[in-house]
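As structure tokens, the structure follows; a few thoughts come after it.
Chain letters run A, B, ... following the sequence lines, proteins first, then strands; residues in each count from 1. Given the structure is predicted, the values throughout are model-derived calculations rather than measurements.
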Amino acid sequence: MNLENLIKDTFTAREHGAPDSDAVLAAARRRIDSRRSGLSRPLAVAAGATVLTLGAVTAVVLNRPDAAEQPQTIATAANGPQDSQAPATPAPAGLQMPYSLGWLPPGSVAYRAQRINIGAGAASPDVPLYGGEYMLTVTADGQVLEVDVQQFRMVTVDEAMFKSGPGKSVTIKGQRGVESSVSAGPGGYELYVAHPDGGSMYVHVSAEHGSTAPAQQLVDTGRRIAENIQFPGTTTVTPAFGLRDLPGGMRICAFNVQQGLDRSPAAPKTSTSYSLGTCAVLPTVHVSSAVVGEPAGTPGQPVQGRETRHVDENGYQRLWVLDAIGGAPVVVAGRVPEAALYDIANRLVLPS
Amino acid sequence: MADYDDFARAQLPRLLRYATMLTGEREQAADLVQDVLVKMYRHWPRISGTDHPDRYVLRMVTNGYLSWRHSWSARVIASGDLPDEARADDFASDHAAREDMWQRLARLPKRQRAVVVLRYYEQLPDFEIAGLLGCAQATVRAHAHKALASLRNGLAIEQMAEARETR
């Protein structure tokens, strides 16, 4: 067998591992229906200010183009309630993002924030390096802006790729950048700006389909967001559930916290997923409340007083902990022994 | 938007398989395609008006993989130690060879992996891959060359072939 045939055979042999179409379509449909029914405002705080911090341990300063153009320091949850929709039950510890957004356009925000592991530094191979991304939907006065901010440690400004239109040079707070602006379509405004430690930061601002925004507004918004990105990050996001005392050598390599998809009062306000492992190899265990499809398999051992379902799909193990968060399950999955899944499941910090 | 549903249902199996090959992980593939489905809904009037909406959506999945969500496999990370030296017995079965290759694929940089998946799984010609990735054909060939060199490095089947030739 030659190399190319081996590659083809390898792909073909993995086809059976593709996710179930119906489950993915159903999950997408829920998200679509949730968006159509309107954005919830879990992050909206007083005076129209918006803070991407729930249960934060530090303050977040937001510059806003309102009032007297004065920076506002938004009190954190530790200093008092900000959000009438915040869950009444004690939240698991906040997850810190690698960088913060010091400014956002006015309006209510639906968000998805994730931290990823992108390897380790050459000087300290045992210390993981993290990158992160914010995906925000900002709604104000009927206008809906989609904002995406992410860190590319491996992509320089010279390697910038735009969704549409050529790029042109720009300087953002003394850093070299390249930007592209298209008033309509998926391109919107895109900006890559060099990061002092290498790589680049990417900012993308566009009007949601069906919404409109002047091209210059997108440009101004994107540049201002880029100007106010703060390193290191002090922003934390509160997950729907946490993890405690991971087994030796295991870390949270990546997390993803997203505004809840279900607007019913009983549903969790956010969904959360974690990728666990040593961070030196691919994460071995995935833990998620964003469950796709109905729990399947046979009843397993109870976890934290909750029923479970377990299934072994050719060595890929899944363990659902039922009724874990507001009636919804949490799934722990990976190509690891079943006992390892139970071990992780017993370390879940679930809301009471 | 019945046509959206019809299109999504028709394309979904292929997109999910493709995303699985890109990300190497079932959960991440599901997340990636789910995001694309939501975006596709938002922009359906425009997408459905293109000459090849299937190719457009394939590009959305590719871009999603290469950008954030994608952060997934960008994790520069190995999925296990490669053997110091290959022994014929270790790879006597096709299964072992494929498992080894799957791990090697996981180590590729994202763009190289995307080129390999598009070329050897989707079986697209280089000019179409270039169109999907928004780069020149020469860049596609360069990515493919580097990827194949990485995948071949220390590969048991190559060593076994060499061994047979020298007998």
Which heavy atom of [X] sits nearest a heavy atom of [Y], and at what distance?
| X | Y | answer |
| --- | --- | --- |
| Arg9(B) | Asp22(A) | NH1-OD1, 3.6 Å |
| Glu27(B) | Ala333(A) | OE2-CB, 4.0 Å |
| Ala18(A) | Thr20(B) | CA-OG1, 3.4 Å |

Before you tell me yes or no, could you show the steps for Glu25(B) and Arg335(A) under salt bridge (Lys or Arg N to Asp or Glu O under 4.0 Å), namely the whole-Å CA-CA distance, both residues' side-chain angles and the distance that decides it to 0.1 Å? CA-CA 11 Å; Glu25(B) 282 288 340; Arg335(A) 200 169 289 281; over 6 Å; no
Decide, yes or no, whether a salt bridge links Glu99(B) with Arg14(A) under the criterion of side-chain N to carboxylate O below 4.0 Å. yes
What residues of residues 117-126 of chain B make heavy-atom contacts with chain A at a cutoff under 4.5 angstrom? Val117(B), Tyr120(B), Tyr121(B)
Please round to the nearest 0.5 Å and tell me the distance separating atom [atom1] of [X] and atom [atom2] of [Y].
| X | Y | atom1 | atom2 | result |
| --- | --- | --- | --- | --- |
| Thr10(A) | Asp100(B) | OG1 | CG | 8.5 Å |
| Leu151(B) | Leu6(A) | CG | CG | 9.0 Å |
| Leu22(B) | Phe11(A) | CG | CZ | 8.0 Å |
| Arg104(B) | Ile7(A) | CZ | CD1 | 10.5 Å |

Arg14(B), part contacting chain A, at a heavy-atom distance under 4.5 Å: neither
Go through the atoms of Val116(B) and report whether side chain, backbone, both or neither lie under 4.5 Å from a heavy atom of chain A. both
Would you call [X] and [Y] a side-chain contact if the rule is heavy atoms closer than 4.5 Å?
| X | Y | value |
| --- | --- | --- |
| His286(A) | Arg26(B) | no |
| Leu3(A) | Met101(B) | yes |
| Leu16(B) | Ser21(A) | yes |
| Glu15(A) | Met21(B) | yes |
| Leu15(B) | Val24(A) | no |
| His16(A) | Arg17(B) | no |

For Pro337(A), enumerate each residue passing the side chain to side chain contact (heavy atoms under 4.5 Å, CB included) test, keeping only those at least two apart in sequence or located in another chain. Ala340(A)
Is the NZ atom of Lys8(A) crowded by more than 12 outside heavy atoms at less than 6.0 Å? yes
